[in-house]
Amino acid sequence: MPSTTERTLESVSVKLNRTGTARTLRETADALIAPTNAFDVKTALALFTPDAVIDDPSTGRHFEGHEGIRDYIERYFIGYHTVTRFLSIETIKETQGRVRVDFTGDFGHEIGLRDISVDADGPITRIDADLE
């Protein structure tokens, strides 16, 4: 039986092709938050294209492809016991939204921004992440 995060991922994939952008960008954000909060790297990676990039100046690093994104999740989410809570989303363009999130973990508390870009089929192609 698929996990809750896997069912969310399946739901987002279908809706990305059938509904309005702002809603799907929110669903994509939620679909990413769920597995990172559960420390489920496999489900989180399934949301990204194989050549996706995460650029996060707050870490001083740039993460490329599934290998790099796995490192990012393991190092900064699992490693610091990070829990993310959605705060808001602003549509930048049809395939990109700025998500404001609340992070808590071993480091304390931070407010973060994630500019999430998706391709026409729905997977995440890029995240530009930073802290407020």
Side-chain angles (χ1 to χ4, degrees):
M1 173 177 246
S3 70
T4 301
T5 52
E6 290 169 331
R7 286 192 303 274
T8 300
L9 174 59
E10 290 170 7
S11 173
V12 168
S13 295
V14 170
K15 291 177 183 174
L16 281 168
N17 294 318
R18 297 186 184 163
T19 63
T21 303
R23 181 172 179 200
T24 60
L25 290 170
R26 166 65 195 265
E27 290 170 347
T28 300
D30 289 342
L32 180 58
I33 290 169
T36 57
N37 282 349
F39 308 131
D40 181 352
V41 177
K42 180 180 175 185
T43 300
L45 286 175
L47 293 164
F48 291 87
T49 61
D51 60 346
V53 172
I54 296 178
D55 188 18
D56 188 345
S58 73
T59 67
R61 301 205 39 219
H62 183 83
F63 304 85
E64 296 185 16
H66 281 189
E67 183 177 321
I69 293 167
R70 173 182 298 282
D71 179 43
Y72 181 76
I73 294 167
E74 289 175 349
R75 185 180 302 243
Y76 298 106
F77 288 85
I78 297 171
Y80 288 99
H81 303 104
T82 302
V83 174
T84 307
R85 184 173 58 92
F86 176 89
L87 297 175
S88 64
I89 188 167
E90 170 191 348
T91 300
I92 296 171
K93 58 184 180 181
E94 186 176 347
T95 58
Q96 185 180 25
R98 176 165 293 136
V99 180
R100 190 168 180 258
V101 294
D102 180 269
F103 293 119
T104 56
D106 294 345
F107 52 84
H109 174 259
E110 296 284 350
I111 300 295
L113 298 172
R114 291 179 174 167
D115 287 359
I116 299 176
S117 299
V118 297
D119 73 9
D121 295 325
I124 299 168
T125 58
R126 182 177 183 90
I127 295 178
D128 291 292
D130 210 347
L131 300 175
E132 282 191 343

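Only heavy atoms go into these numbers, but all of them, side chains included; no hydrogens, no water, no symmetry mates.
One hydrophobic cluster, built from ILVMFWY side chains closer than 4.5 Å, holds both Leu25 and Phe86. Transitive grouping of hydrophobic side chains (ILVMFWY, heavy atoms separated by less than 4.5 Å) keeps Leu45 and Val53 in distinct clusters.
Checked by atom type and distance alone, the side chain of Asn37 pairs as donor or acceptor with a backbone atom of Thr84 at under 3.5 Å. Side-chain atoms of Thr59 come within 3.5 Å of backbone N or O of Arg61 as a donor-acceptor pair. Using modelled atom types, no side-chain atom of His81 and backbone atom of Thr104 make a donor-acceptor pair closer than 3.5 Å.
Looking at Val41, Thr36, Asp40 one by one, the single match for side chain to side chain contact (heavy atoms under 4.5 Å, CB included) with Ile78 turns out to be Val41.
The number of heavy atoms from other shown groups lying within 6.0 Å of CD (Glu67) does not exceed 12.
Other residues sharing a hydrophobic cluster with Leu87 under the 4.5 Å side-chain heavy-atom criterion for ILVMFWY residues are Ile111.
In terms of heavy atoms, Asp115 sits closest to Gln96 at CB-NE2, 3.9 Å. The shortest non-hydrogen separation linking Ile73 to Ala44 is CD1-CB, 3.6 Å. Annotation for Ala31 and Pro35: closest pair O-CD, 2.6 Å, computed over non-hydrogen atoms.
Between Tyr76 and Tyr72, the two ring planes are tilted [angle within 30° to 60°].
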Taking only distance into account, with no hydrogens and no angle test, what donor-acceptor pairs under 3.5 Å do side-chain atoms of residues 122-132 form with protein atoms, sequence neighbours excluded?
| unit_1 | atom_1 | unit_2 | atom_2 | d |
| --- | --- | --- | --- | --- |
| Thr125 | OG1 | Ser117 | O | 3.2 |
| Arg126 | NE | Asp128 | OD1 | 3.2 |
| Arg126 | NE | Asp128 | OD2 | 3.0 |
| Arg126 | NH2 | Asp128 | OD1 | 3.0 |
| Glu132 | OE1 | Arg100 | NH2 | 3.0 |
| Glu132 | OE2 | Arg100 | NE | 2.6 |

_The test is side chain to side chain contact (heavy atoms under 4.5 Å, CB included); show your working for Leu32 and Phe48 and say whether it passes._
CA-CA 9 Å; Leu32 180 58; Phe48 291 87; 3.8 Å; yes
